[in-house]
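Letters A, B, ... are given to chains in the order of the sequence lines, protein chains preceding strands, and every chain is numbered from 1. What's counted below: heavy atoms across the whole structure, side chains too, no hydrogens, waters or symmetry copies. Just so we're clear, the structure is a prediction, and the values are computed from it rather than from any experiment.
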There are 2 protein chains.
Amino acid sequence: MTDGVVERSRPRDRILETARDMFHKHGIKGVGVDAITEAAGTNKMTLYRHFESKDDLIIECLRANAAKAGAMWDTFETEFPGDKLAQLHAWVRKAAAMLNTDGRGCDMANAAAELTEPDHPARLVIKELKEAQRERLVGLCRDAGIGQAELLADTLSLLFEGARVSVQTVGAEGPSTQFVRMAEGLIVSFRGAAAG
Amino acid sequence: MTDGVVERSRPRDRILETARDMFHKHGIKGVGVDAITEAAGTNKMTLYRHFESKDDLIIECLRANAAKAGAMWDTFETEFPGDKLAQLHAWVRKAAAMLNTDGRGCDMANAAAELTEPDHPARLVIKELKEAQRERLVGLCRDAGIGQAELLADTLSLLFEGARVSVQTVGAEGPSTQFVRMAEGLIVSFRGAAAG
DNA sequence: TCTGGAAGTTACAGACCGGTAACACCCTAG
DNA sequence: CTAGGGTGTTACCGGTCTGTAACTTCCAGA
């Protein structure tokens, strides 16, 4: 998908989709609203009729990202219905695939790096969405019958987060190549430990 | 250290130190050269007499950060001379301490998130410095007699990187609180495995 | 066919950005 | 005492940024 996507849909949807893409590629402060609206095939006034401000647009983009990620989680359940352990392994494979898909890190992490004001409205949203993601991974580990589900989930998520950062700094041929091995090893190790 | 640091030292040093501090706190694109020079108690012309451009200043800041980090590594050797395993544990403790010191992530990772142009001059420097850091941690693991030194070093560094991101997104009370437990567990586990 | 709302257009405000020119100053080394 | 380099000051350039005002165009539904 290039920057100049202009499918025929409602302007609000086009703006949101284009902004998501451009924020991801160029960063939040690296993209102006003019560039977004132009790439979306519309204009600045229309953007400000649908979004209160650029900050509001940022937040809507983050929520849209989370919704898309949530839909991806659902595919694990449809792919391996009931088999939570298989779903956990699917998560590992999916995460690894994302590492090789693009060299940009997590949009929420990148946004947090850019929006440094402690009371920026987007920060609350980022925290809320990240915590929801964590709950989901913890639940998956627990339902997979792993003893220390929280600890495994947190370890896996820190590993993945770190891997995304690593891809962004040293490239996809760095330490992140070992992500699957690390993650699978952890799962084996946690499954070996007595559930208590 | 506030933004208004003005010790009596040479202007170039004041600019570099102030820029490091402000880039760290507010991000690179969140700080203008005017703000830096004013906080450093000097002026824009003096900045441009010592640095070719803002990009050049950014790179010098990154290098200065790396130099400071390198000095920290040296303290491990002086603190536990010859005892590489103790130095590795010291690294874990130091890393954990950094997680609670400030809520901003790694300056290099943040810079990589902000400077999205693939050929930005700072990206080469970031990669170079990150690879040097990795070499150092791998060397420490190897000298500590750990079998799969590269894998342990990469795992530890991804965990740490992820923990710093986590602090930045959900705060210091999130998954990052488990960092020491994760890291120590990994070291034990790798030491248990036969060296080969 | 008429009408009302959504969308497009142009221009602008006010602020900030990185970077430069021209000139005045001050302090130290000789 | 003097010369010269480092520093400070002011003004400016062209560009970009978010956000708004006033107006026109278009199109779907009644």
- Message: Expected output is a numbered-order residue list: members of residues 118-125 of chain A with a heavy atom under 4.0 Å from any atom of DNA chain C. What is it?
- Response: none
- Modelled atom types, side-chain donor and acceptor of His24(B) and Asn65(B), under 3.5 Å: no
Keeping [X] on the side-chain end and [Y] on the backbone end, is there a donor-acceptor pair under 3.5 Å?
| X | Y | value |
| --- | --- | --- |
| Thr177(B) | Glu173(B) | no |
| Ser189(A) | Gly185(A) | no |
| Thr37(B) | Val33(B) | yes |

Which pairs, protein N/O on one side and nucleotides 3-7 of chain C N/O on the other, fall under 3.5 Å?
unit_1	atom_1	unit_2	atom_2	d
dA7(C)	OP2	His50(A)	NE2	2.9
dA7(C)	N7	Arg49(A)	NH1	3.4

Spacing between [X] atom [atom1] and [N] atom [atom2], to the nearest angstrom:
| X | N | atom1 | atom2 | value |
| --- | --- | --- | --- | --- |
| Glu38(A) | dC17(D) | CD | P | 11 Å |
| Lys29(A) | dT18(D) | NZ | C1' | 13 Å |
| Leu47(A) | dG8(C) | CG | P | 11 Å |

- List in chain and number order the residues that pass side chain to side chain donor-acceptor pair (under 3.5 Å) with Asn43(B), two or more places apart in sequence or in another chain; answer none if no residue qualifies. Thr46(B)
- Taking only residues at least two apart or on different chains, which pairs with a member in residues 152-164 of chain A satisfy salt bridge (charged side-chain N to carboxylate O under 4.0 Å, His left out)? Lys130(A)-Glu161(A), Arg134(A)-Asp154(A)
- Item | Within residues 42-52 of chain B or reaching into it, pairs that qualify as salt bridge (charged side-chain N to carboxylate O under 4.0 Å, His left out) - sequence neighbours excluded | Asp34(B)-Lys44(B)
Which protein N or O atoms sit under 3.5 Å from an N or O of nucleotides 16-18 of chain C?
unit_1	atom_1	unit_2	atom_2	d
dG18(C)	OP1	Lys54(B)	NZ	2.6
dG18(C)	OP2	Val33(B)	N	2.8

- Query: Between Phe51(B) and Ile15(B), what is the shortest heavy-atom contact and its length?
  - Reply: CE1-CG2, 3.8 Å
- Item | Distance-minimising heavy-atom pair for Gln148(B) and Arg181(A) | OE1-NH1, 3.3 Å
- Specify whether Trp91(B) and Trp73(B) have parallel, tilted or perpendicular ring planes, treating 30° as the upper limit for parallel and 60° as the lower limit for perpendicular. tilted
